[in-house]
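First up is the structure itself, then whatever we jot down about it.
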Amino acid sequence: MTSTTTEPDGADDAEATPDTQRRRRWRRIRRIGYRSFGLLVGVPLIAFWIAYLVLDVRSPQEVLAGLDKTVVLNYADGSPLLKVIPADGDRMFVPYAQVPSKLRDAIIATEDPTFWDNQGFDPTGIGRAFLTGVGGGSGITQQYIKKSTGDDDATVGRKFAELVLATKITQQQSKEQIFESYVNIISFGRGTFGPAAAMNAYFGKKLDDSMTWSEAAFLAGMIQSPSVHDPAASGDAHAARRWQYVHDKLVERGYVKSDESMAYPGAEVQPPSETRAGRVTYDGFHVKQQVLAELEQDGFPLGRLQQGNMTVETTLDRTAQDAATKALQDRLKGEPKEFRGAVVAVDPKTGAVRAYQGGDQGVRDYASTPHAAGSAFYPFTLAAALRRGFGLDQPIPSPEKQEFLGENFQYPVVCGPKCTPGIAMQSQADGPFIAMARKLGPDALSEAARQAGIPEAVDGVPTMREKDGFLIGAGIAIGRYPLRPLDMAGAYATFAADGQRATPHFVAKVRDESGAVVWEHTDTARPAFDDDGDASRRVAEDVTATLGTSLPDGRPAALRLGAAEHGNSPENQDAWAVGYTPQLATAVWIGSDDDRLLKDATGAKLTGDVVPADIWRTFMAAAHEGQPIRPLGDAKRGVALAPPPEIRPRR
């Protein structure tokens, strides 16, 4: 009988030479490497192939049919605010051959300069999505896939599906077919899909080869963010900058010569047809544009909302919105016909916009149009001083004449020989605030206003800066720089919230057709003037103490009346009433369409304590009806209340 001896595990390794052991270890490492490589490459390839077989690209006709849905905008309580209804004839399909070559070139130069040569996707964007989970910029083919599926979520899964479908459509269709599909389902704004509807909506013309380069650049510029770039929403200055961007891309990429005659076609752009047709009032149109622009920035463009049959829950309060409209319209009756106005009210704790009235005289939205802040800017000057150790009872100079940054200012002395910041604010004095501005420097004033909530830039243009975008001039001392009522309400809301800053917003939630919440605003309130919440609260409380007033029902409130001068004259062109309670911060602006000297119906120069103050108090009284009375500022010290100006009869 032959016996067999079994060696213990590892005996061979123990008896093997060092070279043999190294070879065995490398064999094991290679086997692990091969398997890992197979998993890393093979699994994605298999997934790609399965997805390639399963997923299909929808035709543009199918996409357009699915877009014909109404988007409902609701008030915060769920009651209907307005509807975004697709207009008849706003989605005319245009074959590739009928798209003017200038428009094709402008779109490709702006959206996807490598369109004719690429494989349908942007490798950089795909890689960034896989590494970070955040989507990158997409070319024309990817944009078509994204819009045809209705999936705008910046996720790895979406980018993977986008990659598969972009590859598939590039293999199955010509570039001309892909462009034709894309250009017919994209929105150019104003409820339009496709270039024919867009040309008619903006220029009142048929789409043909008579299109100019200027018109082509304008329409191509609308694609990226139509609710924002439409001059009816953001003004000609913003739209002109977007047009210039497209123009520069056309020159840079060789489509037009640098010396070719082109100009922004603002004078040719028609007002929105929906307002002319009376489908939406002008003030309703302003609300709609603000909501859609915000949703677009949050990843929910109009096409996605329509395709998903979604409902938008706004932050607007029905009672407050009706009160703002009534207060503004009633008070302006009988005033000069050139008077324009705006009312914006914000919840100080969350930044939710509760009322938004941008005027009903036309497509210009006065609530989002910058106007000279004038003496309504002084609370920010005071905040800057408080942050640097000033006290409310600290004596400050009140000279009649003074020089600041090379400019001479002269104002009557109304604060008295024992002037303090608190007395200066209550007496509506200008000289002391210019003196504080001179001592603090312009950067400190700008910083305090930004900390309170004035944005760094609006539509790409820096705020509180000279035209060069960098220098801060002497005008900041007297509020010469224009600010939007929306931003003023949001910045004053910081004082109302005891120094906590929240960004104003219009949208609370987005729901799909089943009612499920697919997106919800996240509150981001944080200390404004310091990381230390106590220091920020003290600044806000001190500012509030200088603005004390009360509403007709006796509840404590804060109010600053202000006016901005016309040039170097003593007359005014803008007037403000901005103030708050713990529940609501409201900005009222009154002015005109152009810079001019303004006088009210009595022949007196426009000031904040007449028309704007009347509107502010009427609105605030109505908006607070039935709400509990809450303390404002430091309850222990109390707010120094000034008697409210008499509410004048409405004209």
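Quick note: numbers below take in every heavy atom, side chains included, and nothing from hydrogens, waters or symmetry partners. Everything numeric in this text was worked out from a predicted model, so none of it was measured.
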When you check the side-chain N and O atoms of Gln244 and Asp248, is any donor under 3.5 Å from an acceptor? yes

Strictly by modelled atom types, are Gln329 and Asp360 linked by a side-chain donor-acceptor pair under 3.5 Å?
-> yes

Report task. State whether Tyr255 and Arg253 meet the cation-pi test: NZ (Lys) or CZ (Arg) under 6.0 Å from the six-membered ring centroid, and within 45° of the perpendicular axis. Result -> no

Checklist line | Sidechain-backbone polar pair: Thr110 side chain, Ala106 backbone, donor-acceptor under 3.5 Å | finding: yes

Exercise. Determine whether the side chains of His286 and Gln289 contain a donor N or O and an acceptor N or O closer than 3.5 Å.
Key: no

Side-chain donor-acceptor pair present, Arg318, Tyr75, cut-off under 3.5 Å: no

Review point. Thr463 side chain to Pro455 main-chain N or O, any donor-acceptor pair under 3.5 Å?
Key: yes

Parallel, tilted or perpendicular: which describes the rings of Phe506 and Tyr356, with under 30° parallel and over 60° perpendicular?
perpendicular

Checking Asp593, Asp236, Asp283 against Arg364 for salt bridge (charged side-chain N to carboxylate O under 4.0 Å, His left out), the one that qualifies is Asp593

Those residues at least two apart in sequence (or on a different chain) that pass salt bridge (charged side-chain N to carboxylate O under 4.0 Å, His left out) with Arg354 are Asp347

The reported gap from CG in Leu328 to CZ in Arg340 (rounded to nearest 0.5 angstrom) is 11.0 Å

*So, Ser214 side chain and Ala263 main chain: donor-acceptor pair closer than 3.5 Å or not?*
yes

Does Arg104 make a cation-pi contact with Tyr96, if we ask for NZ or CZ under 6.0 Å from the ring centre and within 45° of the axis? yes

Parallel, tilted or perpendicular: which fits the ring planes of His505 and His521, with parallel below 30° and perpendicular above 60°?
-> parallel

Hits for side chain to side chain donor-acceptor pair (under 3.5 Å) against Tyr492, two or more places apart or cross-chain, chain-then-number order -> none

Across all chains, not counting sequence neighbours, the salt bridge (charged side-chain N to carboxylate O under 4.0 Å, His left out) partners of Arg465 are none

Quiz prompt | His247 side chain vs Tyr264 backbone, donor-acceptor pair below 3.5 Å | solution = no

Arg242 (side chain) donor-acceptor with Val228 (main chain) under 3.5 angstrom: no

